[in-house]
Engineer: 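The structure's right below; bear with me while I get my questions together.
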Amino acid sequence: MALTRWTNAVEWLAAAAREPRLCKSDWQHGTTGIHLLAAGRFWDVLIVPACLGLRTADILACLPHFEPGPALLDSRRQQVGFFLPPNPASIWAGHDIRYLTTGSWIATPAPHCRFGALRWICPPDGSGTLNTPAALELALHAAMGELARNHGATPHRAAPHRSTDTPTPARPPAIPHA
């Protein structure tokens, strides 16, 4: 089961590489080699500061009846990237965040890579599961609130939020409080 999941994850990620066969071969032979993958075709990526992103990933992982999508930690740049469904019309606003879509590339390690400076904190499962924008937005707001409370100050910057023409679900999942 785990081998099938890993093989599917390699196939799914490598499909976005400029040279998918080379990428798959590299990862299937046991390396954690970093490859540049195109955003905007199979996914977009929302990049946030690590302190916010790590807590957000924890919140998403604790949601009942919810499977979080891939999230990538770049410990050198202190950033977390959340993989979302492609939507070039989507606009995410907030301090120190970037939204990668068509025409952008993201450096990614093999899907089994859970160590090193660039690693998966929630690896892709190979099924194409992505983070839902509504759940991610709620988790980001909850994480921002927690960070503000824990540091004893009101947030001086708003949590990242999105603006899109796509309607949001009427009932986003509830966010558990820590």
Side-chain angles (χ1 to χ4, degrees), residues 5 9 12-17 34-147 155 157-164 166 168-169 172-176 178:
R5 182 178 171 161
W12 183 73
L13 278 174
I34 307 298
H35 286 270
L36 286 177
L37 304 181
R41 183 171 166 205
F42 301 116
W43 58 75
D44 287 349
V45 182
L46 180 69
I47 299 173
V48 301
C51 61
L52 178 61
L54 291 169
R55 183 60 194 129
T56 299
D58 287 344
I59 291 169
L60 288 171
C62 291
L63 289 176
H65 313 292
F66 180 78
E67 186 69 31
L72 189 61
L73 171 65
D74 183 341
S75 61
R76 288 192 180 128
R77 296 183 59 105
Q78 291 295 298
Q79 296 175 327
V80 173
F82 293 94
F83 285 54
L84 298 160
N87 182 359
S90 185
I91 299 170
W92 288 77
H95 186 73
D96 288 339
I97 70 163
R98 291 184 304 146
Y99 186 67
L100 305 180
T101 188
T102 305
S104 301
W105 296 82
I106 184 160
T108 58
H112 65 275
C113 186
R114 302 290 297 253
F115 58 89
L118 187 61
R119 63 187 177 276
W120 296 100
I121 53 176
C122 184
D125 63 8
S127 71
T129 299
L130 296 167
N131 294 289
T132 60
L136 181 57
E137 183 176 15
L138 287 173
L140 284 164
H141 280 277
M144 181 64 97
E146 285 182 25
L147 291 171
R157 297 180 176 128
H161 62 279
R162 67 188 167 101
S163 170
T164 180
T166 306
T168 58
I175 304 295

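As a basis for the values below, the full set of heavy atoms in this structure was taken, side chains included, without hydrogen atoms, waters or symmetry mates.
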Engineer: In the structure I gave you, are the side-chain heavy atoms of P109 and L72 within less than 4.5 Å of one another anywhere?
Structural biologist: yes
Engineer: Are the side chain of E137 and the backbone N or O of A134 linked by a donor-acceptor pair below 3.5 Å?
Structural biologist: no
Engineer: Is the centre of the F83 ring less than 6.0 Å from the centre of the W120 ring?
Structural biologist: yes
Engineer: Would you mind reporting whether Y99 and T101 have side-chain heavy atoms less than 4.5 Å apart?
Structural biologist: yes
Engineer: Where is the tightest heavy-atom contact between T129 and S127, given as atom of each residue plus distance?
Structural biologist: OG1-OG, 2.8 Å
Engineer: Over all heavy atoms of both residues, which pair between L52 and L140 is shortest? Give the atoms and the distance, please.
Structural biologist: CD1-O, 3.8 Å
Engineer: Does any non-hydrogen side-chain atom of R55 lie less than 4.5 Å from one of M144?
Structural biologist: no
Engineer: Could you go through R98 and V45, starting from their C-alpha distance and side-chain angles, then the distance that decides it, and tell me whether this counts as side chain to side chain contact (heavy atoms under 4.5 Å, CB included)?
Structural biologist: CA-CA 8 Å; R98 291 184 304 146; V45 182; over 6 Å; no
Engineer: Minimum heavy-atom separation for L84 and T132, please, with both atom names.
Structural biologist: CD2-C, 4.2 Å
Engineer: Does L73 reach the side chain of L118, with side-chain heavy atoms less than 4.5 Å apart?
Structural biologist: no
Engineer: Which pair of non-hydrogen atoms, one from R114 and one from R119, has the smallest distance, and what is that distance?
Structural biologist: O-CD, 3.5 Å
Engineer: Within the structure provided, determine whether Q78 and P49 are in side-chain contact (heavy-atom separation under 4.5 Å).
Structural biologist: no
Engineer: Does the side chain of P70 come within less than 4.5 Å of W12's, by heavy atoms?
Structural biologist: yes
Engineer: What is the minimum heavy-atom distance between N131 and G69, and which atoms define it?
Structural biologist: OD1-N, 2.9 Å
Engineer: Do the non-hydrogen side-chain atoms of L46 and L136 ever get within less than 4.5 Å of each other?
Structural biologist: yes
Engineer: Is a side-chain donor or acceptor of R77 paired with a backbone partner of D74 at a separation under 3.5 angstrom?
Structural biologist: no
Engineer: Does the side chain of L36 come within less than 4.5 Å of I106's, by heavy atoms?
Structural biologist: no
